[in-house]
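In each ligand, atom 1 is the first atom listed, and ligand 1 is the first ligand listed. Quantities reported herein were computed from a predicted structural model and do not represent experimental measurements.
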Amino acid sequence: MKKIRKVVIPVAGLGTRFLPATKAQPKEMLPLVDKPIIQYIVEEAVAAGIEEIIFVTSSNKRAIEDHFDRNFELEYRLRQKNKQANLKEILRISDMANFVYVRQKTPRGLGHAIFSARSLIENEPFAVMLGDDIIDSRVPAIKQLIKVYEKYQDVVVGVTKVAKKETDKYGIVDPIFIDQKTSQIKKLVEKPAPAKAPSNLAITGRYILTPEIFDFLSEQKTGAGGEIQLTDAIARYIKKRAGYACTYDGDYYDCGNKLEFIKAIVNFGLKRKEFSSQLKKYLKGL
Ligand code: G1P
């Protein structure tokens, strides 16, 4: 069985929901406390043993490349000022993995973004992680999916329960449960209206895919929102092969949504020893 060594992280979106904050910087660089959102995603992948990070980018995303690269001037100045802790952290970021970039030439949806990475994947299974979706968990969520992949050796998506009225924001699975946390997927629907949703188990930005998915993506027609949807390609794939859903342990934050992003900042802030009690006191006083 081939090991999951690579992850594709699509970061080509315009981030219009966060304008004007995203006018001149990628939304993926917005900080959760003091770390850009995208760094949490990369750290989750690295903690799961992934060695190569493939970013699917567009124009205006250079800050992401710079963030994961060396910055000699900054290193020099931190050394001069003897800021050893900062220096160590800065060096650690660029050493975490092998970073590779490919452009999505036209914004045609998530399925199209993943297809843009085809030539970099070759013939091996790989992970996909979405830049908006933060999962706070003891065992990295993507590692929990890899475990399911190792057992069934086919496509796996990470799911969590969402409110029934919110099914139209997500890819929703129709599950046949194998055990409490794992199910085989009978059907997948992208952003169904609540009345049409087969369940309230939503895909939240974590996938293990096999290279055969590219054959399905290459001929995928446009779906919801007039875009080439990854969900639709997986839905066709599982009719020929099989797909599994992993209800991971962890707290999910949709950082593409302003309110959820603020909740994530508060929750991650409350975990910081250096000011958690002060923050708690402040929140109680509001
Ligand atoms: C994408 C996927 C959807 C998934 C969601 C998770 O939608 O198409 O299936 O549930 O991410 O965040 P988007 O949020 O890009 O519209």
Near [X], which atoms of ligand 1 are under 4.0 Å from a heavy atom of that residue?
{"X": "Gln229", "answer": "8 (O)"}
{"X": "Asp133", "answer": "6 (C), 12 (O)"}
{"X": "Gly171", "answer": "3 (C), 4 (C), 9 (O), 10 (O)"}

message: Please check whether Tyr170 reaches ligand 1 - meaning an N/O of the residue sits under 3.5 Å from an N/O of the ligand, judged on distance alone.
response: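 No: no nitrogen or oxygen of Tyr170 is under 3.5 Å from one in ligand 1.
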message: With respect to Gly205, determine whether any N or O atom, backbone or side chain, lies less than 3.5 Å from an N or O atom of ligand 1.
response: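 Such a contact does not occur with ligand 1.
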task: Would you give the length of the straight line joining atom CZ of Arg241 to atom CD of Glu212, rounded to the nearest 0.5 angstrom?
output: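 Between atom CZ of Arg241 and atom CD of Glu212 there are 4.5 Å.
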task: Run down the list Lys169, Glu227, Lys191 and name the one with the heavy atom closest to atom 13 (P) of ligand 1.
output: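 Comparing heavy atoms across Lys169, Glu227, Lys191, the nearest one to atom 13 (P) of ligand 1 lies in Lys191.
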- prompt: Do other residues, nucleotides or ligands put more than 12 heavy atoms under 6.0 Å from the CZ atom of Phe177?
  reply: yes
- prompt: Is atom 7 (O) of ligand 1 in close reach of the protein, with a heavy atom under 4.0 Å away?
  reply: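 Answer yes: something from the protein, a heavy atom, is under 4.0 Å.
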message: Starting from atom 2 (C) of ligand 1, what is the nearest protein heavy atom, named by residue and atom, and what distance separates them?
response: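 Looking only at protein heavy atoms, the one closest to atom 2 (C) of ligand 1 is Glu190 OE2, 3.6 Å.
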statement: among protein heavy atoms, the one nearest atom 4 (C) of ligand 1 is Ile203 O, 3.4 Å
Answer yes or no: is there an ion pair linking [X] with [Y], defined by an N-O contact shorter than 4.0 Å?
{"X": "Glu51", "Y": "Lys6", "answer": "no"}
{"X": "Arg236", "Y": "Glu219", "answer": "yes"}
{"X": "Asp215", "Y": "Arg118", "answer": "yes"}
{"X": "Lys181", "Y": "Asp249", "answer": "yes"}

- prompt: Does Leu130 reach ligand 1, in the sense of a heavy atom lying below 4.0 Å from it?
  reply: yes
message: Does the residue Thr231 have a heavy-atom contact with ligand 1, meaning some pair of atoms that are separated by less than 4.0 Å?
response: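 So Thr231 counts as touching ligand 1.
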Over-ring placement of Lys35 relative to Tyr40, 6.0 Å and 45° cut-offs: yes
